Every structure is written in C-alpha cells, then in structure tokens.
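Letters A, B, ... are given to chains in the order of the sequence lines, protein chains preceding strands, and every chain is numbered from 1. Model, not experiment: these values are computed from the prediction.
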Amino acid sequence: MSFAFRNAWREIRNSRSFCLFYVVNLAFGLVGFLTVDSFKHSLDEKVRAESKMMLGADLAIRARRDLTPEEKKQAFGQLPEGTEKIEVTDFFSMVAGPGGRSRLVKIVAMDEGFPFYGSFKLKLEGAVQGSDKKLLHERKFAWIYPELESQLEAGLGDEITIGESTFRVSDLITKDNGLQFQSAELAPKVFIGKAFLKETNLLLLGNTAFRNHLFKLPPGNDPAQIEQAIDQAISSPEVRVYSHQKAGERAGRLLQYLGDFLSLVSLVALFLATLGSGYLFHSFLTKRTLDVAILVSLGATRRKAISTYLIQLGLLGLIAAIPSLVAAFFFLPLLSAAISGIASDEIEVFISPQSIFMAFLVAVFAGWTIALPCLRKLARLNPIALFQEAAQPGSQGTRWTFLFFLPGIVGFWGLTVLQSDSWKLANLFFVALLVSAVILYLLGMLGLMILKRAFGKSNLALRFASRSLARNPSSSITGFLALGVGVLLLSLIPQFQYSLENEIGINQPESKLPKLFLFNIQENDVESLVQVLASENKPLQNLTPWVRGKLLSVKGRKYEDYVGKDEEFANSDDQRRNRFRRRGFNLSYRDRLLESEEILDGRMVASSYDSNSTRPAEISVEQKYAESLDLELGDQLEIEVGGVPILTEVVNLRRVRWTSFQPNFFVQMQPGVLEMAPKTFIGTLSDLTQKEKEEVQDLLVGKFPSMSILDVERTGQGILSVVKQMTWALQVMAALSIFAGLIILFCVSREKAYKQRQELNLQKVLGASFNHLRNQVRLEFGMLGLAASIVGASLSTLVSYVFSEIIFDRVWSFYWPLPVGISLIVVTLSILTAEIATRKTLRLKPSILLQES
Amino acid sequence: MTNPTPPNRRKTPLLSLGVSFLLLFACGESKPTETNGRNARQTENQLPLFRILILGDSLTEGYGVSESEAYPSLLEKKLNKELSPKTKVHYKIVNGGISGATTSGGVSRIEWFLQSKPDYLLVALGGNDGLRGISLDEMKKNIDRILQAAKENDIPVMLAGMKIPPNYGPEYSLAFTQVFEKLAHVHEVPLIPFLLEGVGGNPKLNLPDRIHPNPLGHQAICQTVYKSLVANLN
C-alpha cells in the first residue's frame, strides 16, 4: 500500500466528522441526481411509448395510392431484418344503418396485428391487443364508435352497409390507438378486417383512401433515421413517411418543453450534488493546509500530499456513490408507487446503466476537479509561511490561479452536454451559471466592502456580525456564492414549472375543455342555435366569427413574390415554414384576449374603427404565423375578404395556447371592420357526458344540417394525457430539486457556522453573553442568507426569462411569491442551521473550546 | 415603409361598404369609369367590362397552386384572348372561391357578392358538402337559394356539377350527382356536368392529396369551363 493511500486512509479516519458530512452530502446530492436522471429516462420512454401508440407503429408509410413495386422495393430495402409489417386502409364513406339512415364515417380496414402498440378498449371484450382479435378478420364484423348506435340506429348484432357489402356490428369501441394524424376527427370510426375491404367495392378509380404500411422495427433501430432514409429513397411527394416521433409532433412542442425541462432539472441536480461537496472540501482543505505545510517542512513531497487528498476524495466519492445507488434502488420503486395515483398511466422508474455511470463519474471526478483550486494551495505550499503570523499558507493567488478552475469548468460543461439532449440548452445553462457565479462573486466582494464601512457605528451585535463577515472574506464569499447559486437553481425549476403549467393550461379545469367543436354555423342560424342549446341547458360557448381571407401582399410585396415556392427551399424545415404561410387563411375579430392568449409585443387592437378614416385596420398576429412571414410590429398586410382588399397593420404579436382547444386564429382584426363581411361562426360545447354528447349531436345534425361537428374529446385525449403526465412530472421534479437544494443549503450554512466556532469562543473568553453571541450569529447568517437569496432569486428570475426566450418559445410567467418564499425559507434556514450548528459551541465552556483548538 | 397600394385602390374597411363597396369591388386591373349600371362600365381600352363571378370553394380559390395558375385566372386570360375580339367586351373574373366553403356558406356570401352586380354567375360549390357528408337535401336547398337569389337580381347563372369520390359509396355518389342535374333542370340554367371532368382521379392532374388539381389540372378545368361559357355567353 503506497504512502499516499495509507495517508489518505489515515486522513479519513482522523477527520471522521468531515468525511461523514462530505459523504452524506454527496450521497444526498447523488440520490437526487439519480432520481431525477432515472425519471428523465423513464419519462422519455413513456413519451416515446405514447407517440408509438399515436401511430400504432414505429414507422408508417402513408399515401393516397398503392405503392408501386419499385417504391416498395426502395422503401422496404431500408428496413432492418426482422421488421414486422402490416397494412391498414382508411377513408371516409357514407355508411347506412339497418333502417337506411346514413352517416359519414371513417372506415379503418386493418390487417391482423394492428396496432403494434396500444390497444382497443371494447365495450364487450374490454382491452384487446392487435393480435387478439382474430374473429374480426375471419368474419364480416365491424366495431363502431358508440355514437353511431344512435346516428345509424344500429345496435350490437345489427348489420350496417358499407359500399356494396354488409357488416355485423360486433362491439363498440370506447378507445382506440394508431393512425392518429389529426387532432380532431370529422367523423366517427368503423373498424373492419382488411380482408373484406374488396367486397365493399369502394376503392374504385378516383378514390381518396389512404394506404398505410405500418412497421414494427426490431429493438435498437432508430425510426427517425429509417424515416429519413425511406424519405430519400422515395421521391414522390404523394408518399409520406412518419416515424412515431413525427406522428407525435402534434403534442410536439409540449414534449419538447418536457424534454428540455427534464434535462434542465437533471443538470440542476447534477450541479447541486457537486456544489455542496466542493464547498465542504474547500473548507476542509483550508483547515488542513497548515498540517500539510508541517508535513512538507518535515520532508514530504507536495506530490504525495496532493495524491493523499485526491485518493481521499476518490474513496469518499466511491463510498458516497454506493449507498446512493442502493438508496435509489429502494427509493425509486417506492416513489413510483407513490406517484402512480397522480400519473395518468403507470410509469416504471428504473436506474439506467447510464445513470449509474454518471453517478460514479460525478462522485469521483467532480470531487477532484472541484478540489483542484484547493489543491493548488498544496502545490504552492511554502513552509516558511508557517512562521508568518495568522498566515494561510498557499492562499495567495497568481494570475494563473484561474487555470486550476478550468478542468472543473470544462468538466462541468462536458457533463451538461452529455446529460442534456440539446446542445443549445446545455450551453445556455452552462453560460447562465458561469455568468451568474461571476455576478455573485462581484456583488459579494462589493457587499463586503460596503459592510466594512456601513455598520461601524451600529449596535454591537450588528457591528460584530458585519465585521465577522468582512474579516473572513474567503469564507463569506464562498458561502455567499454557494448559497446564491443554490437559491438560483432552487428557484429556477419551480419558476419553469409555473410558466410551463400556465402554458399547457393545466390550471384550466378539465370540465371547461370543449367536448364538441361546432363550425360552419350560418349567421342566420346563430340565434336559433343558441336558443336550442340553452333550452337543453347546454350553453354554446366561445361563439366566434370565422372569416376567410386571402393574403394579397406582405410588407408591400405581392404575396406570391414574397413566399416563393417550396422547391426554392433547401431543407424540409424551411419548406414546412413556407407551407405555414397560406394565401388563404382564417381570421376573426374581437377587442379582447381569450384566456389562452397573451400579447407578447405591442398593444391590444382598438375597440372600434372610424369608417371615415384612411388608417389601416389594426390586426393582432399569432407569433408563429408572424415568424413565418417575418412580420414585426407596424408591418402592413393586404388582406382580401370577400373580394374586398383591406390594408391592415400589425399592432401586436400574440402567443396562443393551442392546447386550450379554444377558437383561436392566426389573425384577429379590430372590431368595426369585418362585421358585414360574409362569415360563418364557430362555437364549443363543454361539460357533456358521453350520452349527452351523442344526444346533442343527434339534435344538432337534425336541426342544423349544414353545421359540422367535430368531436375533440376522444382525439384530444392523447394530448391531454401527455399534458397530465407533463404536469405531474413538473411537480415531482420541482419538489425533488427543492428537496435536494435545501439539503445543500443546510450543509453550506452548517459548515460556515462550524468555522465560526473559534471566533465565537474568543468573544466568549472576552466576556460576551450567550444572548449577545446568539443574536450575532443570527444577524450574521441572516444577512448572508438574505443577501445571497435576494441576488440568487433575482438572477434566477433573469435566467428563467432568458431560457424562456431562447428555449421555451417565450413561455414565461412571473410568479412573485416564488422568489419571496424561497428567500424567506433560505434566510430562516440559514439562521436556524447556524444556530443549531453553534448552539453546542455557545453552551460549552471557553476552556473546553481552548483545549479542542 | 411604402404603401403598396396604388392611389386608386384605397383600402377601405368593410364597415363603410354601404357607400364604397361598388367602387372597391369593381377595382382590379381595370379602372372603373362609372359604378352604376353594368353596361356603362368600361375598361381603359374602351371595351365594356363584363364581370363573371365564380362562387366556389378551394378548387376555385386555387388551393395549392399560385393565383395565376388557378383556373379563374386562366379563364380570364383565355376569354380575353379568344372571345373578347368577337364579343367586344373585356372579361373580368371575380374569384369568389374560399377553401372549405360549403353551399351553406355560399348562401351567406351570395348577397354580399351580388351587391357588385356581376354580369354572370358561375356556381361551383358542393364538393365540401359531399366530403363532409352533409345531407343532400340541405345541399340542394342551399344551391336552390343561391340560384334563386341570382334570378331575383337578374343575373344569368351557370351551375358546375360535382362528383364525389367512389369511396363515399355508390348510392350517395349517384344521389349527389343528381342534385346538380335536378337543380339545373328546375331553374333552367346551363350545367357543366362535372367541373373536374378528366381531372378527378387522375394523379397527373392533381396535387399529392389527390383532391385538389395541380396547375395542369387547372388548365383542364379552364378548358371545361371555357367551353361551356362560350356556348352560353354567345
């Protein structure tokens, strides 16, 4: 056993208190990190599973025609061996019930095995997997949505006519998965076996049926990569290729937010885990520097001294990592069980090998890199300093001191990139923390300078407290930095949680979410429709005019010159952006915002328009639509409505929470301009039971046949389920990070208080009373905590704002109780911790403390 | 920023349309010399202006193609190039196509459009009714009201027939087609049997969605409409 190892082991045994504290602190941090990291992986899995269920497969090829043999060869050639394939055809058709009553439905003719992922929920048979339902493929049976029972007057066992063939209704579908490409369905679905499709004789020349080829890939293949390969192999624009990731894009923005948020939490947990340990080791080594100086003066080499502490840190890291892993193994299943009631679906949380590796990496290497600046002191140690009074050997910095911070900084940057799914997010997080640390350091230095002078003539307790802080600049600044960064990280996650919850609209009661969307309501039907629904006690909500407009020019340029053609755009992102700009678009008018809208820039449109004015009409433009047309405030659009050109000016850019399912429009014009234009109306109905929904649909179809009804409940369920999962993920993650953060703050406060023991003792010897010292400790730590939390919370607000601008599409809501609450908690915690840590010291006789030292 | 609008094309919000609607509506490539009375309107080259309003849906709006590639624009060019020398009138097509429009939307728009007193009306609606499964009785009533409104305003009309893709079922498809035939017969108006003749179901003439025509498809529609128009305008 080498000298360094023996010495390290001796150091561990001789500094049990520090080692225990270091290990416990690191272990807590690691448990937090492991938990968050494992949740992140589990949620990634969950979200992936959700998008697979939306598509019903890993990958799909969809076209309104059969693939040519050549296309099949090209596409299927890209698939790995062992890929399972099935075909499903879907199309709209008029289907008749036994009494001759007909209704538009969506026919889904499926091969056995559909869907690969997810299941059907049937009224009679319950949950049925794709390969379970053989009977549907052997006989001419049909499964129908429940509302068709009344709409077609066809119950279980009755026959319905599809094209030239009849099918017996064998079950009702309450939930289905797969081929969910739209957020709402125009018609209820009817499922039949694909083997019987030919008998319907519906797919004649000119049909508009979609042919879907669904694939289940063997494990270890990335559907997105294969999607790209097939996309390139088949050049026809008629053929669309969907990986499950692309199919899940409907909830894409939310999922992207969730992924970024989880990465952020994971990074925060990672940083918190190293922050507390680094602080502890810094304090420990500062205390040990004198001992090492003595060792060096007795002939030990500096290299051996450094090795001693590197080995000690490595051992402590390993010691901390092992119980953390064991604790996490026990803790995670319990936590999974605890949250299973909150989550919409059960979620299995597991520790991935990647998480275990990261935990060890953080435990050992993070300790080393953070310790480097402290170890620098040992490298520069000159025993002569021992003979200088009150000297801190090796504490004098040089211009190259910062180099010792570099490995830690670079290492942490590497970890953030590894841990985050997004390069942008990792770099932003890293820069934000670095800049915040510099700001905290500078403000801390400034604060100490002010403290030296500000309380010179205050009462004794305040004077002593401020001097104690000012005379120990190194300890005070380190404590301030650790507390400030801790508060920053601590408030960052709940701040995002609040902003994202507002964005996804979880504060909106589910009962308010529309169940039915009514559109194409004629102007002359509005009054009677409102009356009919009111008499049924089902009030029509969100009644909104719907005007169709055409873009004639944008910012003075003719629309067609402005947008160009898709072929002119090199990549598919630009092409998508271009397709977002449509010459024809829907608009409406009102002078107020809905709950789901927020003005990002500019002012609200005026509430009336002077018809004698020659001023352009004021419009509000949705943020993404404005981006697609490169619009800014003051830009002019020429819009044609019903043959009349209208010059308009953008007065605000608006963000819309599309998941609210409220009637929102890309362009909203001020009132007083479009009232006479030809228009229809849209409205919503909410708070309906399944039965009521069917009754209302029947009633409205009969009384207002030209009106169209969309059932947004069933198809919206997928998105809502993601929203629910996201919400509890946000809450659990925020709670975990707060918990981890508080532990770190406790460690920091305790260590700082512990360091004050000798100074307190000296004051005690000089006759200071218990009460005086207690007040002094309270004041000192209160001031430190208050300053750190105010700066930390302010920085956190700023950082969250910057993140929201760059990562979260400007989703940002300020919630003032958060920084205030966290600041109060931190101040109280600092005072309490310091008091607990020093209480024993305060109660001890000075003689005992003198003996200790 | 410069205002792209020429001085003679002042943009006026719709509230003040009571006064200025006719003036505005008549604006286009040609300058109106008078707004009262259709025969008095003349173009710059002194030819009387003859305005044809096409009340339609996305097919007429030119969904997925540029405005100049859509059949109303092509038709205007063709009429002015080939028919104008004979008839000595300048043709102006007013594109009243709106994506997603149904016949009920047509009813609500017809009064608005008729205020401009077009010289001729082509009704090309119904496709979306069929695709949405709207009751054929309702569709029939709506088209009937549109034709009636045109008759009351003394505007000659042509009806463009539509067909529904075969997957909607043989009975519905047949009944759908017959609606147009019956209405044309009852109102004694000329009928284009199928607006998408030769285009519907032909992948070469349609966009990848197989519903909307591509530029070549629009050229074919232009030809179909032109033939019927020439026969009836003469």
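Within 6.0 Å of atom NZ in A/K198, 12 or fewer heavy atoms from other residues, nucleotides or ligands are found, so the atom counts as exposed in its surroundings. Residue-environment remark: CZ (B/R145) stays at or below the threshold of 12 foreign heavy atoms within 6.0 Å. Atom CD of B/E171 has 12 or fewer heavy atoms from other residues, nucleotides or ligands within 6.0 Å.
Using a 4.5 Å cut-off between heavy atoms, B/N95 touches chain A through backbone and side chain atoms alike. Both the backbone and the side chain of B/E67 come within contact range of chain A, judged by heavy atoms closer than 4.5 Å. Interface residue B/V65: only backbone heavy atoms are found under 4.5 Å from chain A. Contacts between B/N206 and chain A at a heavy-atom distance below 4.5 Å are absent for every atom of the residue. Interface remark: B/E138 contributes side-chain atoms only to the contact with chain A (heavy atom separation under 4.5 Å). Neither the backbone nor the side chain of B/I110 comes within contact range of chain A; no heavy atom of the residue lies under 4.5 Å from a heavy atom of that chain.
Salt-bridge formation is detected for the pair A/E71/A/R65: a Lys NZ or Arg NE/NH1/NH2 atom is positioned less than 4.0 Å from an Asp or Glu carboxylate oxygen.
Each of A/E523, A/K550, A/E164 has some count of heavy-atom pairs under 4.5 Å with chain B, and the biggest count is that of A/K550.
Looking at A/Q522 and B/S104, their side chains do bring a donor and an acceptor atom within 3.5 Å of each other.
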